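One structure is given below, encoded as structure tokens.
This chain uses plain numbering: 1 for the first residue, then up along the sequence. This is a predicted model, so every value here is computed, not measured.
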Amino acid sequence: MAAEHQRTVGAVMDGLVDLASMGIDPKDGSLYEDPSPMRLRTYEDEHLMVWYQTIPHRSRVYLKRVNL
């Protein structure tokens, strides 16, 4: 992956981690009210799509796949 794409993915993941630390999903709102908090989620913008998983009890966000 080109360095420019790595920086973009890194910035998106930083934002997703910040939101997850506050219990927020960018699409669905509160992670605390989600019946399946560890489901595979997607985030997309005009440049990329990422699939990720939030693991609340481990305070982690795992990147599963990136499409540019």
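From Leu68, atom CG reaches atom CE of Met49 across 12.0 Å, with rounding to the nearest 0.5 Å.
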Side-chain donor-acceptor contacts of residues 13-26 below 3.5 Å, not counting sequence neighbours, with atom names and distances?
unit_1: Ser21; atom_1: OG; unit_2: Asp18; atom_2: O; d: 2.7
unit_1: Asp25; atom_1: OD1; unit_2: Arg41; atom_2: NH1; d: 3.3
unit_1: Asp25; atom_1: OD1; unit_2: Tyr52; atom_2: OH; d: 3.1
unit_1: Asp25; atom_1: OD2; unit_2: Lys27; atom_2: N; d: 3.1
unit_1: Asp25; atom_1: OD2; unit_2: Asp28; atom_2: N; d: 2.8

Counting only pairs under 3.5 Å, give me each side-chain donor-acceptor contact of residues 60-67, with atom names and distances, residues two or more places apart or in other chains.
unit_1: Lys64; atom_1: NZ; unit_2: Gln53; atom_2: OE1; d: 3.4
unit_1: Arg65; atom_1: NE; unit_2: Asn67; atom_2: OD1; d: 3.3

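Under the 4.5 Å side-chain heavy-atom criterion for grouping Ile, Leu, Val, Met, Phe, Trp and Tyr, Val12 is not connected to Trp51 through any hydrophobic cluster. With hydrophobic clusters built from ILVMFWY side chains whose heavy atoms lie under 4.5 angstrom apart, Met1 shares a cluster with Val50.
Looking at residues two or more places apart in sequence or on another chain, you find a side chain to side chain contact (heavy atoms under 4.5 Å, CB included) between His47 and Asp45.
No more than 12 heavy atoms of other residues, nucleotides or ligands sit less than 6.0 Å from atom CE of Met38.
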